[in-house]
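Down below is the structure, laid out as structure tokens.
Reminder, nothing fancy here: chain letters follow the sequence lines and each chain counts from 1.
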There are 2 protein chains.
Amino acid sequence: MARNSQAARITKSRAGIRPRPGRTRSGNGSVHNDLMNDEIGLDALAGHAGYAVRRFQIWIFQDFIRTLAAVDIRPTQYSVMTVIGANPGLSQMAVAKRLGIERARLVHLLDSLEHRDLVSRIKSATDRRSHALHLTARGRTALAQFKRLAAEHERHVAEKIGKENRERLLQILSAFT
Amino acid sequence: MARNSQAARITKSRAGIRPRPGRTRSGNGSVHNDLMNDEIGLDALAGHAGYAVRRFQIWIFQDFIRTLAAVDIRPTQYSVMTVIGANPGLSQMAVAKRLGIERARLVHLLDSLEHRDLVSRIKSATDRRSHALHLTARGRTALAQFKRLAAEHERHVAEKIGKENRERLLQILSAFT
DNA sequence: AACAATTGTTGTCGTCAACAACAATCTTCC
DNA sequence: GGAAGATTGTTGTTGACGACAACAATTGTT
């Protein structure tokens, strides 16, 4: 169903992070080509945190998606289930704020998870505007498996950048978690 | 022109990274609410590199966009101009590979930059399929200003996570640059 | 010369962030 | 107590972005 196909697509294009140019400059023998080696860079792109972070984020998400492809769970879905699992009864607003998701977006995410019988929206008795979010029984056992796979993904990260570097990175970015 | 309005939009919604919940759980007094404090978390979301990186990446891009809003340049546009500026004459394929962008996407990016007279596509004489990419005179002076603003953005990053942490992070992620 | 590969281009699809508008439902304040 | 304002979930739109597929023009290979 539409996401499986995408997961499959991503699984296909895989290997090292970026298809670093096997050969770089095409046949153009135009101006200013002082660097006759094969690397393009040395460019001023190094030293830009945003660029490195973006590339890393793409890599890490692709690995997450690939590692959890069998259960068809994407990072955002995982984070939603994790938060609900740890704090049953939260409203959609609360979950959205916690995860920095827009409540508009959460609607579709929950629709999907609810259709898969992983999460249930229970009408709150005290505030009839809001829904209390809970994992279903199936959702709870499923989440346990998701967490095992997520842990495997984290091991991939550690392999990629080093165990200590991963921990240092988590520490540096702890303010954003 | 369509992007200015978006930059303005982003500029508006601003402050600390995330609107951390002032009040958390809504009025629902439902099941399992063992934690009576105001924080939702303590959840298992800590320890997940991908989540922290995603949040950080969002923050850093928003700051970049905001800092360069006056010149209406987004991160991807900046990276394209930087690579072309450092390696004049590159083909679109070469730039796409270097930046991990699809060549299909680069077409629109270059269309935009070319319309703004920042970049020019010059038909290669040696390979008539490809275009040699160059900055225009206007593009060169513009890029110099962009780089000054980008440096200001980097200072924001350093303020946010600490100067040493920023450098450590750049070092950890250097493989992805 | 025939066939395969590459380059730029166009177009489609799905994800995602940001907004706006709306009905139903609290909350506040007079 | 009731009007005015705020909040919650929902629907829909826009734009940036990554992944793909198909195509014409051109180059490379055999």
Please assess B:Arg116 against B:Ile73 for the test side-chain contact (heavy atoms from CB on, under 4.5 Å), listing each intermediate value before the final yes or no. CA-CA 11 Å; B:Arg116 292 170 63 179; B:Ile73 285 290; 3.9 Å; yes
Figure out the [atom1]/[atom2] separation between [X] and [N], and round it to whole Å.
X       : N      : atom1 : atom2 : result
A:Gln92 : D:dG9  : CD    : C1'   : 6 Å
A:Arg74 : C:dA17 : CZ    : P     : 11 Å
A:Leu90 : D:dT8  : CG    : P     : 12 Å

Restricting to side-chain contact (heavy atoms from CB on, under 4.5 Å), what partner residues turn up for [X], sequence neighbours left out?
X        : value
A:Arg128 : none
A:Leu135 : A:Met81, A:Ile84, A:Val119, A:Arg140, A:Leu143
A:Arg155 : A:Ala151, A:Glu152

Scan for ring pair (Phe, Tyr, Trp, His ring centres under 6.0 Å) pairs involving residues 135-169 of chain B, sequence neighbours excluded, and state none if there are none.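 Sorted pair list: B:Phe64-B:His153.
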Can you run down the ring pair (Phe, Tyr, Trp, His ring centres under 6.0 Å) pairs that involve residues 79-109 of chain B, sequence neighbours left out, and say none if there aren't any?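 Passing the test, one end in residues 79-109 of chain B: no pairs.
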With a cut-off of 3.5 Å and sequence neighbours excluded, list every side-chain donor-acceptor pair involving residues 165-173 of chain A.
unit_1: A:Asn165; atom_1: ND2; unit_2: A:Ile161; atom_2: O; d: 2.8
unit_1: A:Arg166; atom_1: NE; unit_2: A:Glu154; atom_2: OE1; d: 2.8
unit_1: A:Arg166; atom_1: NH2; unit_2: A:Glu154; atom_2: OE1; d: 3.1
unit_1: A:Arg166; atom_1: NH2; unit_2: B:Gly47; atom_2: O; d: 2.9

Short N/O separations, protein against nucleotides 28-30 of chain D, under 3.5 angstrom:
none

If the condition is salt bridge (Lys or Arg N to Asp or Glu O under 4.0 Å), which residues does A:Arg54 pass it with, not counting sequence neighbours?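 Testing A:Arg54 for salt bridge (Lys or Arg N to Asp or Glu O under 4.0 Å), a comparison that skips the adjacent residues, returns none.
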Kindly give the atom pairs (protein nitrogen or oxygen, nucleotide nitrogen or oxygen) under 3.5 Å for nucleotides 1-4 of chain C.
none

Based on the rotation axes of five pairs at each end, what angle does the helix from C:dA1-D:dT30 to C:dC30-D:dG1 bend through, to 10°?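 The end-segment axes of the helix from C:dA1-D:dT30 to C:dC30-D:dG1 are tilted 20° relative to each other.
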Holding to side-chain hydrogen bond (donor to acceptor under 3.5 Å, both in side chains), I want the full list of residues that pass it with B:Glu114, two or more places apart in sequence or in another chain.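 Scan of B:Glu114 (side-chain hydrogen bond (donor to acceptor under 3.5 Å, both in side chains), adjacent residues dropped) gives B:Arg121.
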Sequence neighbours excluded, which residues qualify as side-chain hydrogen bond (donor to acceptor under 3.5 Å, both in side chains) partners of A:Arg103? none
Closest-nucleotide 5' rank along DNA chain C - winner of A:Ala104 and B:His108: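 Nearest-nucleotide comparison on DNA chain C picks B:His108.
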Would you mind telling me which residue lines up with the more 5' stretch of DNA chain C, B:Asp111 or A:Pro75, judged by nearest nucleotide?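 Its nearest nucleotide being more 5', the pick is B:Asp111.
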Mind checking if B:Arg128 touches a base, just sugar-phosphate, or nothing, with heavy atoms under 4.0 Å? sugar-phosphate
